[in-house]
Each structure stands twice: as structure tokens, then as C-alpha cells.
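Written out below as C-alpha cells is the structure these notes cover.
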Amino acid sequence: MKLGYVKMENRLKENPQKKIEKIQECPECSSEHVSKDYHRGELLCENCGLVIDDQYIDDGPEWRAFDAKQKEKRSRTGAPMNYLSHDKGLSTQISWKNKDAYGRTIPHKNRGQIYRVRKWHRRIRVSNATERNLATALRELDRLSSKMGLPRSIRETAAMIYRKAVEKNLIRGRSIETVIASSLYAGCRKCDVPRTLTEISNVAQADEKQIGRAYRFLSRELQLKLLPTKPENYLKRFCSKLDLDRNVVNKGENIIEQANKLGLTSGKGPTGIAAAAIYISSILEGDPRTQRAIAEVAGVTEVTIRNRYKEIAEEIGITIET
DNA sequence: AAGACGAAAGTGGTTGA
DNA sequence: TCAACAACTTTCGTCTT
């Protein structure tokens, strides 16, 4: 597992993702008119025309609105475009019943015609290899995410990433299961609700190593620009799995924040940090959990928890007397 | 007996020559 | 391509409650 944890300073130096996230002004002319051109997938300066980033992933709606009135007009009713369905949820459904739109039975002399329409409709819907690929992939995505209880928004994000991968022909030589699992992993991270690779590989039809490899490949090729996961994002989930209450979460967040300030978290595995914070705070809040139990839900070893919590406790100046 | 502790060796990936 | 390396794991014997 482990995608490797790089010191943040290095990561930012070599790939200044943060800068791109936050960018407000053009590095060339310092104009503040930087906008996202969704149509071409570019981040560009409207003043001097500099393309700041040409790999911008479109996370907005598929239409543009220039004022509130237009927005209202363009936000159409009906189902939105939906990345979870291989045809984006916009396809026509033809019922198998021999009834017309008014519920009347279709006369026999037209039956043959209807059958032919249905047949072609079916063929067109899943027309080429790409569409068929998407169809199976999205079924698998659905299976994974419902097994893991992930919300719809994450499924959509994952589906969008997968779609991009298909479009760029990145699936060749990799199994659908592996790529869909890694898209899901990426989607979770993008939505700030990270799952570990281990958690995903437990329900996926692919092993952890391959998912990790596929993920690295995707994030490089699609320029996903995902920051290393933050321990805070794991905290709540682990705490609830351990049946710990709100104060422990708060305390844990507090501990992580302090550790961050002291530079203790850089280059360390986020799950380990989260686990250590939980260990400390559960003791401080008088509802201790064993290292063993925490290690289990966090997917790290007790040894790691020990190492982390020692470092943190020492630096923060917390002494744990048992 | 359960939990915590820590030393030592092993693992898989990154980095830099 | 390869060795050095950091983080983390596995394993195991010891100490503490």
C-alpha cells in the first residue's frame, strides 16, 4: 500500500498544487482577471491571455451563465446530467409493454415496427466499446460505493474521473476493476473524505498494490492535483467507528492542529497521525481505547501509533499517566 | 492475561547519481 | 539502473497493571 509520504515542503516545491488552487492573480501581469475556461479546460488570464493551467478538470455544470437571470433559465428542470450512468442519464427509455404513451394497446399491425425500434434502441444505447466499458465500470462503481456507504457526490466525482480516463485511453492494459477502484479512491480524496487504499481494496476486485499503481498513473496522467490527505479528515470517521464521542474528536483535532504547527506531521502517514491523536485524546477525555483497537480501525500497527503519539505527546507537553 | 513497550529485521516505494 | 533512504510493518521478548 502506501503511496509514499513526501515532505510537504518538497511536494509543494516540485508541484505547486496549492498555488494553482488558490491562484487569484496572473503570475505574468498580476491582473486579477483569472478565469476558468470550462469549454477548453483551461485556467487563463483574461488580461494577457496567459494559460496558467491547461489541465483544469471541469467540475462545474455543463452550461455557463453570465448573470442570475440566465442561471435561472439554464438550470433546467428534470434530471441533471448524471455521470453515474454511462449515457449520462439522458437516454430515452422505451417500455417493453406494448402500450403507447396514452396506455392504449398498440395494434398488431404495428407491433413489428415497435420491436424493430426497440432492438435498434438497445443496440444504439450501448453502441461502441467505450460505452460498453463505461456501463460495466459504472455498475462496479455502484457496487463498491454502496458497499462502502459513500454518498452520491463522491460516486459522481469518481465517475467523472473514470470518464476522463476512458477518454484519454488510459484503461488499456489495466483492468476495469482496478481503474474504477482507483478512481473511487481519487474521488474520495477530492471530496475530502479519504478512504485508505486498504479499505477500498477490501471491497474491490483488485489488490491494493494494483489499485495504488493505477491511482498514481491516473493522477499523473489526468493531473488530478490532489494534496496529500490530511489526518483531520480521518479523525471523525475513526472516532465514530470506535464509538468515541464528540469531545474526543474535538480534542483530537486540537492535537493534530498543534502537531501541525510544530511540524510533526510533515512526511508522516496521515492515518498514523490520526490514530495517535485519537489515542491521546481518548485517554485525556477519560474514555481510553487500546492501541490495538485504534490500530485496527485506522489500518496501522500499534508500533506506529506508539511512535507517533510519543513524538506528539513529548512536543506538545502532554504527559500521560496511567 | 491483557495491554503497552521497544528493538531489530523486513517491505515497497521514492530519490538522486 | 541501482543504492541509499524514510516511513511503516512484522515479529517477538519483556515489562506493567
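So you know, we letter chains A, B, ... as the sequences are listed, proteins then strands, and number each from 1.
Judged by the 6.0 Å distance and 45° axis criteria, Arg289(A) is not positioned over the aromatic ring of Tyr279(A).
As a whole-Å value, the separation of Arg308(A) CZ from dG6(B) P is 14 Å. If you measure from atom CZ of Arg292(A) to atom C1' of dT11(C), you get 14 Å, rounded to the nearest angstrom. Rounded to whole Å, the distance from NZ on Lys209(A) to C1' on dG13(B) is 11 Å. Atoms CD1 (Ile305(A)) and C1' (dC5(B)) sit 13 Å apart, rounded to a whole Å. We find that OH of Tyr309(A) is positioned 20 Å from C1' of dA7(C), with the value rounded to whole Å. Atom pair Glu296(A):CD and dA4(B):P shows a separation of 13 Å (rounding to whole Å applied). Following rounding to the nearest Å, Glu311(A) (CD) and dC5(B) (P) show an atom-to-atom distance of 14 Å. Between the C1' atom of dT10(C) and the CD atom of Gln291(A) lies a distance of 16 Å, rounded to the nearest Å.
Distance from the side chain of Arg306(A) is smallest for dC5(B) among the nucleotides dC5(B), dC8(C), dT14(B). When each of dG6(B), dT14(B), dC5(B) is scored by its nearest atom to the side-chain atoms of Arg216(A), the top-ranked nucleotide is dT14(B).
With hydrogens and angles ignored, the 3.5 Å screen pairs no side-chain donor or acceptor of Ser183(A) with any backbone N or O of Ile161(A). Using modelled atom types, one side-chain atom of Arg174(A) and one backbone atom of Leu170(A) make a donor-acceptor pair closer than 3.5 Å.
By the 4.0 Å N-to-carboxylate-O rule, Glu167(A) lies too far from Lys164(A) to be salt-bridged with it. Ionic pairing of Glu177(A) and Arg143(A) is not present here: no N-O contact between side-chain nitrogen and carboxylate oxygen is shorter than 4.0 angstrom.
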Using Watson-Crick and G-U wobble pairs whose two distances are both under 3.5 Å, how do you write the pairing of DNA chain C as dot-bracket, with | for links to another strand? |||||.|||||||||||
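With sequence neighbours left out, the ring pair (Phe, Tyr, Trp, His ring centres under 6.0 Å) criterion links Tyr234(A) to Phe238(A). Listed by chain and number, the residues in a side chain to side chain contact (heavy atoms under 4.5 Å, CB included) with Ser153(A) are Pro151(A) (sequence neighbours excluded). Among residues two or more places apart in sequence or in another chain, the side chain to side chain donor-acceptor pair (under 3.5 Å) test is passed with Asn254(A) by Gln258(A). Residues passing the side chain to side chain donor-acceptor pair (under 3.5 Å) test with Ser282(A): none are found, sequence neighbours excluded.
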What pairs of nitrogen or oxygen atoms, one from the protein and one from nucleotides 8-11 of chain B, lie under 3.5 Å apart?
none

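Across all strands shown, Thr290(A) has heavy atoms under 4.0 Å from sugar-phosphate atoms exclusively, and none from any base.
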